[in-house]
Amino acid sequence: MPPPTSRFPLPTSETRPRLTVAVTGLNATDSPGPGVAVIRALRETTDFDLRIIGLSYEALEPGIYLRELVDKTYQLPYPSAGTAALLARLAHIREREAVAVLIPNFDAELFNFIKLAPELRALGIHTFLPTLEQLEARDKLNLSAFGAAHGFGTPASRPLHSAFELTAAAEVLGWPLVLKGRYYDAAVVHSLAQAEQAFGRLSGLWGVPLIAQQFVAGQEINIAGLGDGHGRALSVVPMRKLTITDRGKAWAGITLEDEALLALARRFAEATRWRGGFELELIRTAADELMILEINPRFPAWIYLTAAAGQNQPAALLRLALGLPVPTMEDYAVGKMFVRYAWDLITDHTEFQQVAALGEL
């Protein structure tokens with residue numbers, strides 16, 4: 001597929017309406033959140049002159065200090081604090097900032113934001129998120145049932161509430177075995193000893209249940225998509241991982257031209273009537289079978305690649321949140337690559353102290 005050929009000059013801030021957008025997921029580390037990539041893509045919109053508000057949970061999230069991307073940052077209470085604490089904090093922020101759209105980017109926070117969507121709208125804050133039913137249906141614990149219901153290939157899996165269940169899980173699923181946290185993190189284990197060690201680490205970080213999943217060998221492919229909530233995928237961009245970290249994260253990737261991948265993402269959006277951004281994590285087996293390993297209910301950390309390839313999914317989500325029309329995007333640049341890199345971000349200790357003490361910068 002060729003990239004779009006038309007190029008238009010960026011309108012000046014005098015001709016574009018001013019809009020304030022809040023974004024979470026600023027932890028641009030070795031296991032990055034999507035927030036910084038989402039902001040990079042939003043900065044390229046031709047529709048608005050944006051003021052970007054970062055929403056952080058930790059004082060050392062690097063995105064806080066990327067002042068060329070983030071105009072102002074406020075800390076949020078952890079998702080475990082519940083919806084009342086989150087709403088109170090967002091109401092305080094809304095009194096100081098004219099936030100019109102909020103884009104959450106962490107799995108663990110989505111439940112609270114979805115529950116609060118009507119209250120946020122009353123404050124003047126728009127979102128475009130999946131429903132609670134959609135969020136639950138694609139949960140890792142429900143992935144096998146989801147695949148069976150909609151005709152998608154998925155590995156066999158079972159929940160684990162205790163390390164004592166590992167032996168039985170391995171007898172059913174075989175070795176090696178993939179252990180996954182409810183929201184994040186995974187480990188491929190080849191023996192009971194490795195499995196017990198990984199169980200202790202993952203359950204300590206994310207609690208139980210964990211998910212034991214059948215290991216499937218093959219080529220790792222991810223798809224970033226945007227659903228309109230009515231069964232259409234407005235944008236689909238597939239990417240093959242070129243370099244993978246020891247935590248299973250893509251450190252380099254390249255866009256693909258593959259009608260089977262596009263069709264799979266469109267079927268997912270149609271079957272679920274998905275609302276908002278999503279990521280399908282796939283394995284293509286030696287037999288050319290596509291297996292869905294995970295369905296992430298938000299944009300991936302590599303989402304800026306979609307903008308670089310010609311389909312700016314975060315900018316399109318912004319329009320959806322505001323009720324503006326978004327046409328279906330078809331063309332994108334094939335062979336467009338990303339390569340992550342480490343960069344020492346220098347800031348002053350007074351800025352860190354301000355975030356840690358006051359909860360904003």
(message) Looking at Y304, I'd like to know if the NZ or CZ of R40 sits under 6.0 Å from its six-membered ring centre while staying within 45 degrees of the ring's axis.
(response) yes
(message) Hydrophobic cluster membership, with links at side-chain heavy-atom distances under 4.5 Å among I/L/V/M/F/W/Y: are L324 and M329 in one?
(response) no
(request) Examine R298 relative to F106 and say whether NZ or CZ is less than 6.0 Å from the centre of the six-membered ring and inside a 45° cone about the ring axis. (result) no
(message) Show the nearest heavy-atom pair for residues L102 and T127, with the distance to one decimal.
(response) O-CG2, 3.6 Å
(request) Please determine, by modelled atom types, if R232 and T328 share a side-chain donor-acceptor pair under 3.5 angstrom. (result) yes
(request) Verify side chain to side chain donor-acceptor pair (under 3.5 Å) between T73 and S56, making sure each step is shown before the conclusion. (result) CA-CA 7 Å; T73 300; S56 68; over 6 Å; no
(request) Return yes if a side-chain donor-acceptor contact under 3.5 Å exists between Y74 and E97, otherwise no. (result) yes
(message) Apply salt bridge (Lys or Arg N to Asp or Glu O under 4.0 Å) to residues R182 and D139 and explain how you reach the verdict.
(response) CA-CA 8 Å; R182 178 73 180 275; D139 190 279; 3.1 Å; yes
(request) Measure the CG-CG distance between L123 and L116 for me, rounded to the nearest 0.5 Å. (result) 9.5 Å
(message) Parallel, tilted or perpendicular: which one describes the rings of Y78 and Y57, with boundaries at 30° and 60°?
(response) parallel
(message) Check E360 with K72, please: is the shortest side-chain N to carboxylate O separation under 4.0 Å?
(response) yes
(request) Compare every heavy atom of L293 with every heavy atom of P155, then report the nearest pair and how far apart it is. (result) CG-CD2, 3.5 Å
(message) Could you measure the distance from the CG atom of L261 to the OG1 atom of T255? Nearest 0.5 Å is fine.
(response) 11.5 Å
(message) Taking atom NZ as the centre, does K115 end up with more than 12 heavy-atom neighbours from other residues, nucleotides or ligands that are less than 6.0 angstrom away?
(response) no
(message) Would the distance check show the side chain of E351 and the main-chain N or O of T347 forming a donor-acceptor pair, the cut-off being under 3.5 Å?
(response) no
(request) Give the other cluster members for F215, using side-chain heavy-atom distances under 4.5 Å between Ile, Leu, Val, Met, Phe, Trp and Tyr residues; answer none if it is isolated. (result) V178, V188
(request) May I ask you to check whether over 12 heavy atoms, not counting those of E270, lie within 6.0 Å of atom CD? (result) no
(message) Quick check on the hydrophobic clustering: are L318 and L26 connected, directly or via other members, by side-chain heavy-atom contacts under 4.5 Å?
(response) yes
(request) For Q313 and T306, run side chain to side chain donor-acceptor pair (under 3.5 Å): C-alpha distance rounded to whole Å, both residues' side-chain angles, the deciding distance at 0.1 Å, then the answer. (result) CA-CA 7 Å; Q313 293 184 10; T306 69; 4.7 Å; no
(message) Checking side-chain contact (heavy atoms from CB on, under 4.5 Å) between I223 and each of L280, I292, L290, which is the one that passes?
(response) L280
(request) Please check if the side chain of N105 supplies one atom and the backbone of P34 the other of a donor-acceptor pair under 3.5 Å. (result) no
(request) Show which residues join I244 in its hydrophobic cluster (side-chain heavy-atom contacts under 4.5 Å, direct or indirect), or state none. (result) none
(request) Return yes when atom CD of E220 has more than 12 non-hydrogen atoms of other residues, nucleotides or ligands closer than 6.0 Å, and no otherwise. (result) yes
(request) Answer yes or no: is there an ion pair linking R43 with E68, defined by an N-O contact shorter than 4.0 Å? (result) no
(message) If the threshold is 4.0 Å, N to carboxylate O, is there a salt bridge linking D348 and R67?
(response) no
(request) Heavy atoms only: give me the nearest A271-F152 pair and the separation to one decimal. (result) CB-CE1, 4.5 Å
(request) Taking atom NZ of K336 as the centre, report whether more than 12 heavy atoms of other residues, nucleotides or ligands fall under 6.0 Å from it. (result) no
(message) To the nearest 0.5 Å, what is the distance between CG on L166 and CG on L177?
(response) 7.5 Å
(message) Closer than 4.0 angstrom, basic N to acidic O: yes or no for R201 and D185?
(response) yes
(request) Check the pair E44 / N312 against side chain to side chain donor-acceptor pair (under 3.5 Å), numbers first and verdict last. (result) CA-CA 8 Å; E44 296 187 1; N312 193 329; 4.6 Å; no
(message) Using every non-hydrogen atom in the two residues, find where R94 and V99 come nearest and quote the distance to one decimal.
(response) NE-O, 3.0 Å
(request) Taking Q311 for its side chain and D331 for its backbone only, find out whether a donor-acceptor pair lies under 3.5 Å. (result) yes
(request) Mind checking side chain to side chain contact (heavy atoms under 4.5 Å, CB included) for W251 and listing every partner two or more places apart, or none if nothing turns up? (result) T243, T245, R340
(message) Let me confirm one number: the CD1-CG distance from I93 to L76, rounded to the nearest 0.5 Å.
(response) 5.5 Å
(request) Anything under 30° is parallel, anything over 60° is perpendicular, the rest tilted; go ahead and classify H150 against F146. (result) tilted
(request) Mind running side chain to side chain donor-acceptor pair (under 3.5 Å) on R138 and T272 for me, showing each step along the way? (result) CA-CA 9 Å; R138 43 62 40 202; T272 61; over 6 Å; no
(request) State plainly whether the residues E259 and R266 are in salt-bridge range, i.e. N to O under 4.0 Å. (result) yes
(message) Among E279, E281, E294, exactly one meets side chain to side chain donor-acceptor pair (under 3.5 Å) together with N222. Which residue is that?
(response) E279
(message) Are F268 and W274 an aromatic pair, judged by ring center distance below 6.0 Å?
(response) yes
